[in-house]
Peer 1: 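Pasting in a structure now, in structure tokens, and then I'll have a few things to ask.
Proteins get letters first, then strands, A, B, ... in listed order; numbering begins at 1 in each.
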2 protein chains.
Amino acid sequence: LGEIALMERIHERLEASPSPEVWSGDDAALVEVSGARLLFTIDALIEGIDFDLSYSRGADVGFKAIAVSVSDVAAMGGRPSRAVAALVLRPDTRVEFVDELVTGMNESCSTWGLGLAGGDISGGAEISLSVAMIGALTGAPVLRSGARAGDAICVTGRLGGAAGGLAALRAGRGSSSAGVKALVRRHLRPEARLEEAVLLADLAPSAMIDVSDGLVVDLWRVMEASGTGCEIDEGGVPRDPGLDEVVDLIDPLEAALIGGDDYELLLAIDESRLDDAVSSLSGIDAELTRIGTVTDGARTIGGRPIDLWREKAWEHLRGR
Amino acid sequence: LGEIALMERIHERLEASPSPEVWSGDDAALVEVSGARLLFTIDALIEGIDFDLSYSRGADVGFKAIAVSVSDVAAMGGRPSRAVAALVLRPDTRVEFVDELVTGMNESCSTWGLGLAGGDISGGAEISLSVAMIGALTGAPVLRSGARAGDAICVTGRLGGAAGGLAALRAGRGSSSAGVKALVRRHLRPEARLEEAVLLADLAPSAMIDVSDGLVVDLWRVMEASGTGCEIDEGGVPRDPGLDEVVDLIDPLEAALIGGDDYELLLAIDESRLDDAVSSLSGIDAELTRIGTVTDGARTIGGRPIDLWREKAWEHLRGR
């Protein structure tokens with residue numbers, strides 16, 4: 001069974017959430033504890049799957065473990081507040097690796113203004129780092145399920161960079177130029193789009209998600225949750241310019257559509273607020289690009305069914 | 001480096017917590033988010049270390065993963081509210097195992113009145129289940145650091161049962177009698193002492209901890225945090241009566257002092273409130289036994305330095 005099918009199977013077996021809480025099925029759970037509305041999320045990074053110690057340093061792993069949960073909280077319209085981490089170490093793990101890992105987590109926490117409040121250490125056969133995070137919500141949460149026909153579909157930044165960086169690392173070309181180094185940095189040290197998310201949440205987007213498993217997969221999740229279709233302009237998807245330097249290793253369009261790990265934001269927003277959204281982000285030197293429209297019909301990219309890309313995306317995720 | 005030394009090393013490298021929060025160094029972190037005072041904890045169960053699939057079923061693993069975090073929240077004087085889980089599965093893990101695991105988590109959540117709000121699934125070389133939990137705090141938190149000379153040192157229930165159960169399972173005698181089955185249940189399906197903790201927290205104990213790594217190790221943690229000594233009456237430590245049936249496998253005193261995984265509560269409380277504490281627990285058919293006294297002097301068990309037992313306890317933890 002694949003991860004998606006398994007998630008659905010588990011989802012069916014879980015208790016329903018009491019209103020107004022939203023438990024599984026979004027970037028983070030929305031919960032109420034002691035009168036406070038909180039976001040709550042957990043993510044695990046596993047050696048050999050999410051990071052490879054032949055090119056990731058301990059500090060990269062620590063930085064990324066925090067960043068991916070910050071990205072989840074941000075995509076819900078919240079601000080990260082506190083994290084706890086469960087670290088599994090191999091018997092032969094050097095203590096310097098652990099020092100680096102903590103340094104990376106600290107750096108990431110300081111970048112996004114949260115506190116690492118505790119943790120747990122265990123031994124195991126492979127290194128893993130699970131981070132759970134509590135986020136604070138000041139306005140309404142932005143769910144995946146609110147997209148409506150007619151909404152503009154937009155992404156922040158450029159896509160495909162992380163996949164390009166990983167391809168360069170695997171080919172032993174991670175340091176070949178400044179452009180390639182920038183790609184590699186996107187893979188090793190992903191940036192959560194927190195300030196972008198805070199500004200966008202103020203403009204009440206209908207739906208938002210972070211692009212962690214690739215544009216096609218995460219777009220499909222929003223469309224499923226919202227029960228809508230979409231028309232995506234394939235040529236309008238903003239591609240990381242650094243991809244031009246690794247065209248022999250990875251197809252730039254493929255990297256942008258199914259690459260994953262970019263942690264940009266994908267959102268649906270009423271057309272009437274699109275200009276405000278673009279100018280709001282340009283105020284912090286960030287880009288917002290419209291890539292399509294929510295519809296009541298089929299889900300298409302470049303006029304062809306999204307399923308053609310989805311097959312490829314699942315394959316890519318399985319092979320990761 | 002051992003787990004304890006590594007924890008201390010990491011602790012030194014973490015940011016200090018802003019008052020009145022208490023980050024690492026206790027059963028759970030005390031944090032403030034959106035005006036709410038919360039408890040926040042994470043624990044990982046790893047295949048081959050924390051559970052063995054030759055005798056733990058998926059439902060046992062799921063039940064225990066929730067129970068150990070409930071126990072951490074309880075030992076701080078809080079009530080568990082919401083949990084999220086990060087599950088790592090082997091490529092050959094059967095879907096029925098995952099179904100069982102979810103059943104066990106649901107059963108545990110229902111037992112202690114909390115909600116499983118979300119999670120994450122990854123692939124890996126070994127199965128693990130990390131659970132993060134948010135607890136609500138109604139009164140003052142009970143830390144490890146408040147024990148004062150003269151306080152009575154007490155434990156709930158009986159100790160050593162989980163270690164006896166594990167010994168019986170390893171010897172292939174897990175079903176040999178009703179008494180042994182009860183021991184095995186203590187290992188596979190630990191009970192968090194939540195109602196006991198709620199009643200005890202009302203009586204303002206000076207310090208409290210759950211006995212997860214064994215009495216000697218957890219007692220030592222309280223003494224270290226409080227900067228005190230102790231005199232423990234070795235013969236007064238309540239032993240699980242089922243241990244009498246496995247004396248050929250494990251020494252009952254050793255099981256009670258260093259066995260671990262019993263999830264009873266260990267506390268220091270002003271002598272003047274000891275009788276109230278005992279009668280409060282007897283109201284829910286629970287036992288509270290005084291096992292010693294907090295002192296300004298050395299740490300002793302049965303008149304001998306606690307270090308003699310600590311050496312043995314570390315060895316036991318490392319070999320687990």
Peer 1: What is the distance from atom OG of B:Ser130 to atom CG of A:Leu87, rounded to the nearest 0.5 Å?
Peer 2: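 Here the interatomic distance stands at 10.0 Å.
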Peer 1: By number, which residues in residues 105-112 of chain B have some heavy atom less than 4.5 Å away from chain A?
Peer 2: B:Asn106
Peer 1: Between B:Ala85, B:Ser128, B:Gly35, which shows the greatest number of heavy-atom pairs under 4.5 Å with chain A?
Peer 2: B:Ala85
Peer 1: Most heavy-atom pairs under 4.5 angstrom with chain A, which of B:Leu14, B:Thr93, B:Thr138?
Peer 2: B:Leu14
Peer 1: Distance from A:Arg82 atom CZ to B:Ser17 atom OG, nearest 0.5 Å?
Peer 2: 9.0 Å
Peer 1: Give the member of A:Gly118, A:Ala117, A:Ala29 that has the highest number of heavy-atom pairs under 4.5 Å with chain B.
Peer 2: A:Ala117
Peer 1: Measuring from atom CD1 of A:Ile10 to atom CD1 of B:Ile121, what distance do you get when rounded to the nearest 0.5 angstrom?
Peer 2: 3.5 Å
Peer 1: Taking A:Met7, A:Arg37, A:Glu47 one by one, which has the highest count of heavy-atom pairs under 4.5 Å against chain B?
Peer 2: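 Ranked by contacts with chain B, first place is A:Met7.
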Peer 1: Between B:Leu101, B:Asp99, B:Ile46, B:Asp26, which residue shows the highest count of heavy-atom pairs closer than 4.5 Å to chain A?
Peer 2: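 Of the candidates given, the most pairs with chain A belong to B:Asp99.
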Peer 1: Specify which of B:Val22, B:Leu30, B:Val102 makes the most heavy-atom pairs with chain A at under 4.5 Å.
Peer 2: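 Looking at each option in turn, the highest pair count goes to B:Val102.
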Peer 1: Would you say the side chain of B:Val84 lies within less than 4.5 Å of the side chain of A:Thr41, judging by non-hydrogen atoms?
Peer 2: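 Of all side-chain heavy-atom pairs linking B:Val84 with A:Thr41, none is under 4.5 Å.
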Peer 1: Against chain B, label A:Ala28 side chain, backbone, both or neither, depending on which of its atoms sit under 4.5 Å from a heavy atom there.
Peer 2: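 When you check distances to chain B, no heavy atom of A:Ala28 falls under 4.5 Å.
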Peer 1: Which pair of heavy atoms, one from B:Ala125 and one from A:Glu126, lies closest together, and at what distance?
Peer 2: N-OE2, 2.7 Å
Peer 1: Looking at B:Leu137, B:Thr103, B:Leu38, which has the largest count of heavy-atom pairs under 4.5 Å with chain A?
Peer 2: B:Leu38
Peer 1: Under a 4.5 Å cut-off applied to non-hydrogen side-chain atoms, are A:Val95 and B:Arg9 in contact?
Peer 2: yes
Peer 1: Any idea which heavy atoms bring A:Val33 and B:Ala136 closest together, and the distance?
Peer 2: CG1-CB, 4.1 Å
Peer 1: Is there a side-chain contact (heavy atoms from CB on, under 4.5 Å) between B:Leu89 and A:Leu6? Walk through the geometry before answering.
Peer 2: CA-CA 11 Å; B:Leu89 299 171; A:Leu6 196 55; 3.5 Å; yes
Peer 1: Considering non-hydrogen atoms only, spot the tightest contact between B:Ala44 and A:Asp120 and give its length.
Peer 2: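 Looks like N-OD2, 3.0 Å.
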Peer 1: Could you state the interatomic distance from CG (B:Leu116) to OG (A:Ser24), rounded to the nearest 0.5 Å?
Peer 2: 8.0 Å
Peer 1: What is the distance from atom OG of B:Ser122 to atom CG of A:Leu45, rounded to the nearest 0.5 Å?
Peer 2: 8.0 Å
Peer 1: How about B:Ile42 and A:Ile42: do any of their side-chain heavy atoms sit closer than 4.5 Å?
Peer 2: yes
Peer 1: A:Ile134 versus chain B, heavy atoms under 4.5 Å apart: side chain, backbone, both or neither?
Peer 2: both
